[in-house]
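Note that these values count all heavy atoms, side chains included, but never hydrogens, waters or copies made by symmetry.
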Amino acid sequence: MKLPPPHVRRFILVVDTTRDWVRGTEPGLVALATLAGVLAGLLATAMSGMAQGMHLLLFGSEVSHGLSAIRNVDPLRTLLLPALGGILLGLLNLALSRWHPRTPVDPIEANALHGGRMVLSDGAVVAGQNLLSNGFGASVGLEAAYTQVAGGLASRLGILLGLRRGDLRVLVGSGAAGAIAAAFDAPLTGAFYAFELVIGTYAIASLAPVVASAVAATLVARALHGQTYLVEPGGVALAGWSSYGLALLLGMVCALAAIALMRGVGGIEALIKRSIPWNWLRPASGGLAVGAIALLSPGVLSAGHGALHLAFNTEGPVKAALLLLVLKALASALSLAAGFRGGLFFSSLLLGALLGKVMAALLWLAGMGPVDPLFLAVVGMSAFGTAVIGAPLAMTFLALETTGSFPVAGAVLAAVAVSGIAVRRLFGYSFATWRFHLRGEAIRSAHDVGWLRELTVGRMMRRDVRTVRIDTKLTSFRRSFPLGSTERVIALDEAERYAGIVLVPEAHAAEPEVENIASLLQCRDRLLTPAMNAKEAMAAFDAAGVEALAVVKSADSRKVLGLLTASHVLRRYGEELDKRRREEVGLA
């Protein structure tokens, strides 16, 4: 066999050495996460620039400070452009249903169910859909595209280098951390977004790669478009104990409002599906509705960056804030329900800030004295974001990095705790995990449960089972299966289908009047199938009250494939659980 040229051999050696270093050392994983963060910063900045370019091209030069901050609107453009974007999105979805029918797997789902494995083409699909939606003015943010593309790219890097399951999940979280950090110029927010939502747990072993990615992405984004504070440091007043009480109250109000918004998305979606049977036409109808709402208040357009800047940095009448609050919530719900791709991340921040300013005005009207509306706007932003996104520490750090004020962050922490508890008790889901629930998935976080689904009966069962015909005489059975030869024998009917299980000790202890084994059969209708996971198998053992069950190809065919015992399932489950825990703390 002819050897490759020396330069090719050197390249292969370098690749193999790099792979071994990344797989076998923590610094290697940190270096790979840093690379993922750099790429995430570049991609997030590029997509943000593309969306802004679309806004300038479609809506005119007035949108230079953000589409939602536009004042001199062209009524015809405002009304029709979201609908045009909906038509284009509908046609794109129609083409994808034919040539790319798979449903994209986002980073949370990938880490929960697939061990961090993502497909790059999913990122391209989501980015295209999200840019079309946001670029034409639909009331959605770009965070879904940022995290999808960055997480997918990080996953691909990890797969190419052969990372273990636990390390791959951390790397996907690192990519998502970089994307959010770059989007908000907030590395702590990005890091804890990854811990709370994408990885599902915090561990010392995952701290360095996630933080490295978030910082690298932030530095790249700052180098490309500069650093800005939404609120100037020191500009928010904190008035002692009363401020904490108001923060707690606002946290509860935000939780209730967020639950109403999330239920509203589901209700409107069901209504649109009943009214418009054609999937590709639904985004256009939603876009037309959003355009009509934007004629009343342009602040509902796109994610709301310009409107949030105005909410933080200008004072206006409470009626305007209340109107924008109601219309933005309606426009966001309509956009998502109609099928526009995006999320409620940034919309929830704007809605919370508006709700805080409205609450400040109402408290003043109620005679409770002057309340700093900017303080309640910051608290409301984080509390509403926690209720919708489900990441209380990430939202607390967002307030800290937005204002540069530690005292304000303390009050925000109290508010997000109340908001998170209220949503869990009254609703049970964040918006992301609730959408999984609507699709039939049982996951509530990115905590790794995919290994449990992969631990199937088909992988655990014994295939070397002994069988006997159901009409076998008891004396013949005793000769074929003496005591100690085996514990269980599977009985088959005349068509070679499963009929039951015979316990050998019981057969030898049977009364003399028993002629054949038919009367000794157990578990006639208690079966396992290869696709069942360990949890489902244990439920079947508990229901049957036995130690072993037969595994058949299907309930209809009853063709015997093997045998599985409850003790073996428990042992394998314990081994896998211990392995995942060791991975989480970096001991694998």
Side-chain angles (χ1 to χ4, degrees), residues 51-52 54-56 58-86 133-142 230 254 257-258 260-261 264-265 268 283-338 340 342-362 373-374 376-377 380-381 384-385 388:
Q52 291 175 9
M54 293 177 68
H55 295 161
L56 285 168
L58 296 171
F59 292 90
S61 59
E62 288 287 331
V63 304
S64 57
H65 297 292
L67 181 56
S68 57
I70 191 172
R71 286 294 174 262
N72 299 319
V73 299
D74 182 340
L76 194 60
R77 288 189 185 190
T78 303
L79 176 64
L80 296 182
L81 280 175
L84 177 59
S133 302
N134 181 280
F136 278 84
S139 193
V140 294
L142 288 169
L230 281 174
C254 286
L261 174 62
V265 172
I268 295 173
S285 65
L288 189 62
V290 170
I293 295 172
L295 293 176
L296 300 175
S297 177
V300 306
L301 292 172
S302 190
H305 290 79
L308 186 60
H309 274 279
L310 290 175
F312 278 144
N313 298 311
T314 62
E315 291 295 334
V318 66
K319 289 183 179 179
L322 181 59
L323 177 65
L324 181 56
L325 171 65
V326 174
L327 294 182
K328 180 63 177 177
L330 180 59
S332 297
L334 276 168
S335 297
L336 291 174
F340 283 105
L344 284 175
F345 194 127
F346 205 92
S347 295
S348 67
L349 303 183
L350 174 58
L351 291 171
L354 293 170
L355 189 57
K357 298 196 79 169
V358 170
M359 181 174 169
L362 294 177
L374 187 54
L376 289 186
M381 174 188 75
F384 208 107
V388 172

Where do Pro283 and Gly86 come nearest, in terms of heavy atoms and distance?
CB-O, 3.4 Å
Can you name the closest pair of heavy atoms from Ala307 and Leu324 and give their distance?
CB-CD2, 4.3 Å
Can you list everything that forms a ring pair (Phe, Tyr, Trp, His ring centres under 6.0 Å) with Phe340? Sequence neighbours excluded, please.
none
List the atom pairs, with distances to 0.1 Å, where a side-chain N or O of residues 292-303 and a protein N or O form a donor-acceptor pair under 3.5 Å, not counting sequence neighbours.
from: Ser302; atom 1: OG; to: Asn134; atom 2: OD1; distance (Å): 3.3
from: Ser302; atom 1: OG; to: Asn134; atom 2: ND2; distance (Å): 3.0

Of all the heavy-atom pairs spanning Leu261 and Ala333, show the shortest one and how long it is.
CD1-CB, 4.2 Å
Nearest heavy atoms of Ile268 and Ala337, plus distance in Å
CG2-CB, 3.6 Å
Quick one: side chain to side chain donor-acceptor pair (under 3.5 Å) pairs with a partner in residues 342-356, sequence neighbours left out?
Ser332-Ser347
If you look only at pairs with a residue in residues 75-84, which of them pass as a salt bridge (charged side-chain N to carboxylate O under 4.0 Å, His left out), with sequence neighbours excluded?
Asp74-Arg77
With sequence neighbours left out, write down each residue that passes side chain to side chain contact (heavy atoms under 4.5 Å, CB included) with Ala83, or none if nothing qualifies.
Leu288
Mind checking what makes side chain to side chain donor-acceptor pair (under 3.5 Å) contact with Lys328, not counting sequence neighbours?
Ser139
Under the rule for side chain to side chain donor-acceptor pair (under 3.5 Å), what residues qualify as partners of Ser335, not counting sequence neighbours?
none
Shortest non-hydrogen contact from Gly342 toward Leu336:
O-CD2, 3.8 Å
Least distance between heavy atoms, Leu81 atom then Phe136 atom:
O-CD2, 3.3 Å
Cut-off 3.5 Å, no hydrogens considered: what does the side-chain donor-acceptor table look like for residues 351-362, sequence neighbours left out?
from: Lys357; atom 1: NZ; to: Ala311; atom 2: O; distance (Å): 2.8
from: Lys357; atom 1: NZ; to: Thr314; atom 2: O; distance (Å): 3.0

From Thr78 atom OG1 to Leu67 atom CG, the distance as rounded to the nearest 0.5 Å:
8.0 Å
